[in-house]
Amino acid sequence: MLESGEFQYGTMGEGKEVYALATYGKIIAITRQALINDDLDAFTRIPRSFGASAADLESDIVYAILKDNPVMQDGTALFHAKHNNLGAAAKIDETSLTVAYRAFGLHKGLEGRLISIQPRYIITPPGPRSVEARKQITATTPANTSDVNAYAGRLEPIEEPRLIPASGQDPWFLAADPSRIDTVEFAYLEGQEGVFTETRTGFEVDGIELKARHDFAAKAIDHRGLYKNPGAAAG
């Protein structure tokens, strides 16, 4: 701005990713005889079980995005060389993390300017990759500079068993702070942020039916907040 200069109007770039809620549900019927003989208190445990099952379902949907590498609105897979967020297969060490951090540093926004985002989370399946991750981010007291953990304290580890591959290599992922840039977004039906349950007393058959309904969806919103390395062979 020059002295006494006027502010100019600008525009805001916007990406476009579309998704819709899906409805999941289940009905559990309990007979009168089961209620009478309910020594294990199953009737009161079922609603809690619905909640736990819904949480597991949400995790299944969210982590399936990382595993399945869906195509984004631009026609390119979430993790792809065109998105500069897919590394060459490697274990987690200083070299591979440095490559990943450089990839984050090269990302540009929709207006073409460099954006300042860095990884916050390192996500691995339990096993060799999780051990490597914790070794790299744990502060130590080294005897010389070559033994310093350059990434100590810079990442938060997340171990997720849903990422264990059926065979082959163990992948690992980096994710930016979602408050800084969009990563994976999840959504509920407004006013029903959780499992909706209701009961109905049977008439033709003595007993009670319990129904659970859950409206939920998740979608990768921006490839620039996520990074994948296919990982070295497990073992």
Exercise. Would I27 and I30 show up in the same hydrophobic cluster when neighbours are defined by side-chain heavy atoms closer than 4.5 Å?
Worked result: no
For this session: Go through the structure and list residues passing salt bridge (charged side-chain N to carboxylate O under 4.0 Å, His left out) with E185, not counting sequence neighbours.
Result: none
[X] vs [Y] side-chain heavy atoms within contact, under 4.5 Å:
X: L163; Y: D170; value: no
X: I158; Y: T124; value: no
X: P171; Y: N229; value: no
X: E132; Y: R129; value: yes
X: H107; Y: N84; value: yes
X: K26; Y: R213; value: no
X: F50; Y: R48; value: no
X: L155; Y: L97; value: yes

Exercise. Going through the checks in order, is the side chain to side chain contact (heavy atoms under 4.5 Å, CB included) test met by R120 and R154?
Worked result: CA-CA 7 Å; R120 177 177 176 182; R154 298 185 65 179; over 6 Å; no
For this session: With sequence neighbours left out, write down each residue that passes side chain to side chain contact (heavy atoms under 4.5 Å, CB included) with E190, or none if nothing qualifies.
Result: none
Seminar exercise, completed: For D93, the side chain to side chain contact (heavy atoms under 4.5 Å, CB included) test, sequence neighbours excluded, returns K91, T95, S96, Q136
For this session: Work out which heavy atom in I181 is nearest to a heavy atom in A176; give both atom names and the distance.
Result: CG2-CB, 3.7 Å
For this session: List in chain and number order the residues that pass side-chain hydrogen bond (donor to acceptor under 3.5 Å, both in side chains) with T98, two or more places apart in sequence or in another chain; answer none if no residue qualifies.
Result: Y151
For this session: Compute whether any side-chain donor of one residue and acceptor of the other, for E58 and Y188, lie under 3.5 angstrom apart.
Result: yes
Exercise. Counting only N and O atoms by type, is there a donor-acceptor contact under 3.5 Å from the side chain of N149 to the main-chain atoms of K135?
Worked result: yes
For this session: Give a yes or no on whether the backbone of H80 and the side-chain of N85 come within a donor-acceptor separation of less than 3.5 Å.
Result: yes
Problem set entry | Residues V184, L226; criterion side chain to side chain contact (heavy atoms under 4.5 Å, CB included); working and verdict | CA-CA 9 Å; V184 175; L226 297 165; 4.1 Å; yes
Less than 3.5 Å apart, which donor and acceptor atoms pair up between the side chains of residues 215-225 and the rest of the protein, not counting sequence neighbours?
{"residue": "D215", "atom": "OD1", "partner": "T23", "partner atom": "OG1", "Å": "2.5"}
{"residue": "K219", "atom": "NZ", "partner": "E17", "partner atom": "OE1", "Å": "2.7"}
{"residue": "D222", "atom": "OD1", "partner": "R224", "partner atom": "N", "Å": "2.9"}
{"residue": "D222", "atom": "OD1", "partner": "R224", "partner atom": "NE", "Å": "2.9"}
{"residue": "D222", "atom": "OD2", "partner": "R224", "partner atom": "NE", "Å": "3.2"}
{"residue": "D222", "atom": "OD2", "partner": "R224", "partner atom": "NH2", "Å": "2.5"}
{"residue": "R224", "atom": "NH1", "partner": "K108", "partner atom": "O", "Å": "2.9"}

Problem set entry | Evaluation steps, salt bridge (Lys or Arg N to Asp or Glu O under 4.0 Å), between R162 and E160 | CA-CA 5 Å; R162 291 171 178 82; E160 177 48 58; 2.9 Å; yes
For this session: Evaluate the criterion side chain to side chain contact (heavy atoms under 4.5 Å, CB included) for residue pair V99 and Y227; output intermediate values, then yes/no.
Result: CA-CA 11 Å; V99 171; Y227 179 92; 4.1 Å; yes
Exercise. Passes side chain to side chain contact (heavy atoms under 4.5 Å, CB included), Y24 versus I61? Steps please.
Worked result: CA-CA 12 Å; Y24 305 87; I61 294 171; 3.4 Å; yes
Output a table of donor-acceptor pairs, distance under 3.5 Å, between side-chain atoms of residues 70-78 and any protein atom two or more places apart or on a different chain; print 'none' if there are none.
{"residue": "D74", "atom": "OD1", "partner": "T76", "partner atom": "N", "Å": "3.0"}
{"residue": "D74", "atom": "OD2", "partner": "H83", "partner atom": "NE2", "Å": "2.7"}

Exercise. Any chance the rings of F173 and Y121 have centres within less than 6.0 Å?
Worked result: no
Exercise. Salt bridge check: are E159 and R134 linked by an N-O gap of less than 4.0 Å?
Worked result: yes
